[in-house]
Colleague: 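The structure that follows is given in the form of structure tokens.
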Amino acid sequence: MTDFTLSKDADGVATITWDVPGKTMNVMSFDGLAQLSDCIDQALADEDVKGIVVTSGKEGSFAGGMDLNLLAVMKEEAGDNPAKGLFDGTMRMHALLRKIEMAGMDAKTKKGGKPIATALPGTAAGIGMELPLSTHRIFAAENPKAKYGLPEIMVGIFPGAGGTTRMVRKVGAIAAAPLLLEGKMLDVKKAKGAGYIDEIAADPLAAAKEWVLNAKDADIVKPWDAKGYKMPGGAPYHPAGFMNFVGASAMVHGKTQGAFPAAKALLSAVYEGALVDFDTALKIEARWFTSVLMNPSSGAMIRSLFLNKEALEKGAVRPAGVPDQSVKKIGVLGAGMMGAGIALVSAQAGMEVVLVDRDQEAADKGKAYTETYLDKGMKRGKVTAEKKEAMLGRITATPDLDNLKGCDLIIEAVFEDMGVKAEMTKKVEAIIPEDCIFASNTSTLPISDLAKASVRSDQFIGIHFFSPVEKMFLVEIIKGKETGDRAVAKALDYVRQIRKTPIVVNDARFFYANRCIIPYINEGARMITEGVSPILIDNAARQLGFPVGPIQLTDETSIDLGAKIARATKAAMGNAYPESPSDDLIFWMEEQGRLGRKANAGFFDYDEKGKRTEYWKGLQDKYPLAEDQPDLIEVQQRLMFAQVLEAVRALEEGVLEDIREGDVGAILGWGFAPWSGGPLSWLDIIGTPYAAERCDQLTEAYGDRFACPPLLREMAEKGQSFYGRFDPEAKAA
């Protein structure tokens with residue numbers, strides 16, 4: 001199998017074409033690195049070759065990154081010293097890209113080298129961007145769909161093949177920050193404007209060939225290899241540069257709260273590398289890259305946010321043998337915020353949408369949600385007038401249920417009431433085709449109970465969206481007791497069409513996501529009743545990597561919603577319902593009329609524009625602050641264990657059928673500490689024996705809600721990890 005091929009034209013230009021067989025987008029493998037090195041050596045040694053162009057054989061893209069199995073190979077090569085294997089392997093990549101950069105020139109005079117350019121037909125990410133950065137000129141196609149960047153930080157690592165060092169030296173630390181620290185992918189014009197690529201051309205391959213034939217010695221010396229080089233924005237020892245690095249450090253810690261190892265390592269590599277020469281900087285980058293890869297957080301993030309997420313999106317849990325169930329016409333019942341969002345993403349995916357509400361005015365209001373969304377896109381230059389017209393044309397807003405005839409999927413998003421949903425189910429099933437799948441978008445009501453209103457319960461399923469629908473990446477699919485495989489396949493194929501990530505769970509109270517989120521919120525509220533400062537509680541959560549703390553989250557989702565869920569759960573469970581001080585707090589807040597952000601009064605005070613100002617001081621009149629505040633780690637572990645133990649119980653009870661869904665669902669659904677890889681990965685990081693021991697300590701201190709689940713206890717006694725025992729990929733191997 002050949003990933004890189006070398007050809008030569010009559011003008012003396014050697015073209016190295018990257019085209020990985022069987023892949024829609026190029027990825028760098030161990031074999032690929034060796035092949036690229038051989039091609040470079042041959043071209044540099046050939047006296048007839050005047051210049052080299054590296055390009056892609058894939059239409060519309062250059063490369064999507066590195067095959068992450070390459071990292072595992074590096075570790076295995078070193079046996080008992082995996083860190084050495086990773087460092088040596090990284091340095092081999094550095095040596096190859098440095099060879100491209102020097103291009104055969106004399107190390108002292110910087111003369112005699114051959115020009116090497118990159119011709120990018122489209123998207124270049126990760127190593128697909130680091131390789132071009134080592135060449136002397138980057139030409140990109142006029143491809144509006146293409147994206148350019150270094151997104152490694154999003155999966156717990158950072159650009160370690162020279163991308164970090166080269167990007168900072170090319171544009172400066174401040175200009176490089178969005179690409180390196182935020183993983184932003186830019187379109188071709190913005191990438192050119194930011195200095196990430198050099199030229200945009202209608203035919204980048206032809207432009208690159210013309211350039212290498214005319215390039216002079218001075219054109220192929222990188223700025224950092226030339227005499228008198230000064231880093232854009234200033235080096236750390238320069239007054240201006242010093243302030244830039246101080247600001248960058250503050251920005252990183254402000255955004256990450258110190259919870260993400262890769263961000264800190266990247267900043268260290270940039271700062272330390274800026275103090276030395278280029279080749280030493282590459283070694284520093286390799287050392288920090290190795291440090292991150294050896295951190296269990298890195299492996300957990302790569303597994304959950306890259307490998308597992310991709311597997312779920314490609315149908316890892318789709319029922320076998322069920323033919324394609326792609327949706328052509330969808331009916332959405334209820335045009336409130338949730339229904340309007342579902343209609344939007346469905347129309348965006350090219351489906352015909354029937355949006356139904358009680359009257360025309362309400363239905364039109366739901367459709368207007370899509371129009372407003374598109375208008376914002378037009379202002380940003382992301383949406384054309386033609387696209388807006390086409391999308392709106394796919395949505396029929398109506399109060400008439402007869403318009404649902406011909407739908408192959410119905411998603412009900414009406415008021416969260418069993419009776420209302422049952423009535424709507426019966427009305428709609430009398431109209432829609434017999435093979436139409438009926439889904440309920442509910443966050444709390446059991447799907448098996450809702451399915452009792454259906455005359456075809458095998459075609460009834462739950463599809464739980466998170467709000468706002470157009471922004472949230474996760475969709476939770478819930479199987480009722482009688483839900484059939486075709487309904488599951490239909491739901492999964494629909495989620496694939498709208499480009500979101502699905503998890504499939506079995507029916508149980510609160511399903512998976514909410515059964516983990518609610519204890520997180522309740523533990524925060526319970527701590528307030530104990531006199532713990534809400535500032536400490538929320539900041540403890542943020543320093544764990546959660547986007548918001550439990551107190552702020554309660555305000556965002558509304559306090560009366562929490563009260564409603566508590567009452568409904570108590571009514572359903574009867575005497576089995578565990579009484580909690582957190583309920584007393586929520587009911588009291590409801591009585592005070594402090595319902596959260598929507599009421600401009602909750603655990604926070606708000607100004608006239610609805611902006612949070614400070615925590616409500618009146619809270620301490622009811623629950624005075626304790627004189628002695630708990631340790632930060634104690635607060636953090638209470639918040640973490642409240643959630644992860646529910647994830648374990650969900651796995652234990654069969655609500656979760658696939659461990660990957662537990663981790664991916666937690667990160668995408670409610671922002672569970674992404675650095676950990678998810679709740680089950682976190683337990684693997686701290687170890688099941690320690691987790692069980694900590695459960696016992698927390699139970700003794702705070703109560704039975706922290707009791708160690710039997711599954712966790714058994715695994716602790718056997719010294720097992722969750723991925724060692726339950727990983728489907730490991731079982732398949």
Side-chain angles (χ1 to χ4, degrees), residues 327-379 382-383 385 387-417 419-429 431-432 436-445 450 461-476 491 494-495 497-500 556-558 561 597-598:
V327 178
K328 295 180 177 61
K329 183 177 181 181
I330 183 173
V332 181
L333 312 179
M337 179 173 283
M338 191 63 76
I342 296 169
L344 188 163
V345 298
S346 301
Q348 206 169 30
M351 300 171 207
E352 184 182 347
V353 181
V354 179
L355 182 60
V356 178
D357 213 307
R358 62 184 181 276
D359 55 44
Q360 191 64 51
E361 183 180 357
D364 287 341
K365 186 177 179 182
K367 182 174 179 177
Y369 186 86
T370 294
E371 186 169 12
T372 301
Y373 174 85
L374 293 170
D375 286 341
K376 290 179 181 177
M378 289 181 72
K379 287 181 181 178
K382 301 288 186 181
V383 176
K387 182 178 178 180
K388 175 185 173 181
E389 184 180 359
M391 261 188 71
L392 290 174
R394 286 194 284 270
I395 301 175
T396 300
T398 177
D400 188 356
L401 293 178
D402 281 342
N403 283 290
L404 297 172
K405 291 176 180 177
C407 287
D408 52 304
L409 175 65
I410 299 292
I411 298 182
E412 165 269 300
V414 300
F415 188 66
E416 195 81 343
D417 179 272
V420 174
K421 289 179 180 288
E423 181 183 0
M424 185 59 72
T425 301
K426 291 173 182 176
K427 284 182 179 179
V428 171
E429 282 192 346
I431 294 169
I432 58 178
C436 180
I437 300 298
F438 193 104
S440 177
N441 173 64
T442 177
S443 58
T444 58
L445 300 177
L450 290 171
I461 196 166
I463 300 182
H464 174 211
F465 288 88
F466 295 78
S467 184
V469 175
E470 64 275 15
K471 291 183 179 179
M472 298 298 284
F473 297 111
L474 186 74
V475 177
E476 187 176 28
Y494 166 70
V495 173
Q497 284 176 271
I498 61 173
R499 297 186 178 182
K500 296 190 182 293
E556 299 289 344
T557 55
S558 85
L561 175 62
R597 175 185 283 279
K598 69 178 185 180

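Every value quoted in this text rests on a predicted model; they were computed, and no experiment measured them. The first residue of the sequence shown is numbered 1, and numbering continues consecutively from there. In what follows, every heavy atom counts, from backbone to side chain, and hydrogens, waters and symmetry copies are set aside.
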Colleague: Run the salt bridge (Lys or Arg N to Asp or Glu O under 4.0 Å) test against E361 and tell me which residues pass, sequence neighbours left out.
Modeller: none
Colleague: Just by distance, do the side chain of K500 and the backbone of V469 share a donor-acceptor pair under 3.5 Å?
Modeller: yes
Colleague: Do you know which two heavy atoms are closest between I342 and A413, and how far apart they sit?
Modeller: CD1-CB, 4.4 Å
Colleague: Are any side-chain N or O atoms of E416 and backbone N or O atoms of S443, one a donor and one an acceptor, separated by less than 3.5 Å?
Modeller: yes
Colleague: Going by the rule salt bridge (Lys or Arg N to Asp or Glu O under 4.0 Å), which residues pair with K367 if we only count those two or more places apart in sequence or in a different chain?
Modeller: none
Colleague: So, taking the atom named NE2 in H464 and the one named OG1 in T444, what distance separates them when rounded to the nearest 0.5 Å?
Modeller: 8.5 Å
Colleague: Would you find a donor on one side and an acceptor on the other, under 3.5 Å apart, between the side chain of D357 and the backbone of A335?
Modeller: yes
Colleague: Has M378 got more than 12 heavy atoms of other residues, nucleotides or ligands less than 6.0 Å from its CE?
Modeller: yes
Colleague: How long is the straight-line distance from CD of E412 back to CG of N441, given to the nearest 0.5 Å?
Modeller: 7.5 Å
Colleague: Just jot down the ring-ring contact (aromatic ring centres under 6.0 Å, His included) partners of Y369, sequence neighbours excluded, or say none.
Modeller: none
Colleague: Identify the two heavy atoms, one from D408 and one from C436, that lie closest to each other, and give their separation to 0.1 Å.
Modeller: C-SG, 3.5 Å
Colleague: How close do G339 and L355 get, counting heavy atoms only, and between which atoms?
Modeller: O-CD1, 4.0 Å
Colleague: Could you check E470, R499, M391 and say which one makes a side-chain contact (heavy atoms from CB on, under 4.5 Å) with Q348?
Modeller: M391
Colleague: Please tell me if the side chains of I498 and M351 come closer than 4.5 Å, counting only heavy atoms from C-beta onward.
Modeller: yes
Colleague: To the nearest 0.5 Å, what is the distance between CZ on F415 and CZ on R358?
Modeller: 12.0 Å
Colleague: With side chain to side chain contact (heavy atoms under 4.5 Å, CB included) as the test, would you mind laying out the steps for I411 and F465 before giving the verdict?
Modeller: CA-CA 11 Å; I411 298 182; F465 288 88; 4.0 Å; yes
Colleague: Give me each pair satisfying side-chain hydrogen bond (donor to acceptor under 3.5 Å, both in side chains) with a member in residues 389-401, each pair once, sequence neighbours excluded.
Modeller: T398-N403
Colleague: Using the test side chain to side chain contact (heavy atoms under 4.5 Å, CB included), find all partners of K426 that sit at least two apart in sequence or belong to another chain.
Modeller: A453
Colleague: Could you tell me the separation between the OG1 atom of T442 and the NZ atom of K421, rounded to the nearest 0.5 Å?
Modeller: 5.0 Å
Colleague: Heavy atoms, side chains only, cut-off 4.5 Å: are I330 and E352 in contact?
Modeller: no
Colleague: Are V353 and V332 close enough that some pair of their side-chain heavy atoms sits under 4.5 Å apart?
Modeller: yes
Colleague: Hey, are the side chains of S467 and M338 touching, using non-hydrogen atoms and a 4.5 Å cut-off?
Modeller: yes
Colleague: Please enumerate all residues that pass salt bridge (Lys or Arg N to Asp or Glu O under 4.0 Å) together with K598, with sequence neighbours excluded.
Modeller: D560
Colleague: Would you say Q360's side chain and A397's backbone share a donor-acceptor pair under 3.5 angstrom?
Modeller: yes
Colleague: Quick check for you: to the nearest 0.5 Å, what is the distance between I437 atom CD1 and L409 atom CG?
Modeller: 7.5 Å
Colleague: If you define the side chain from C-beta out and look only at heavy atoms, does anything of V475 sit under 4.5 Å from Y494?
Modeller: no
Colleague: Under the criterion side chain to side chain contact (heavy atoms under 4.5 Å, CB included), I'd like the reasoning laid out for F438 against L333: C-alpha separation, chi angles, the key distance, then a yes or no.
Modeller: CA-CA 11 Å; F438 193 104; L333 312 179; 4.1 Å; yes
Colleague: With a 3.5 Å distance limit and no angle check, can you tell me whether Q497 reaches the backbone of V327 through a side-chain donor-acceptor pair?
Modeller: yes
Colleague: Measure the spacing between CG of L404 and NZ of K427 and express it to the nearest 0.5 Å.
Modeller: 12.0 Å
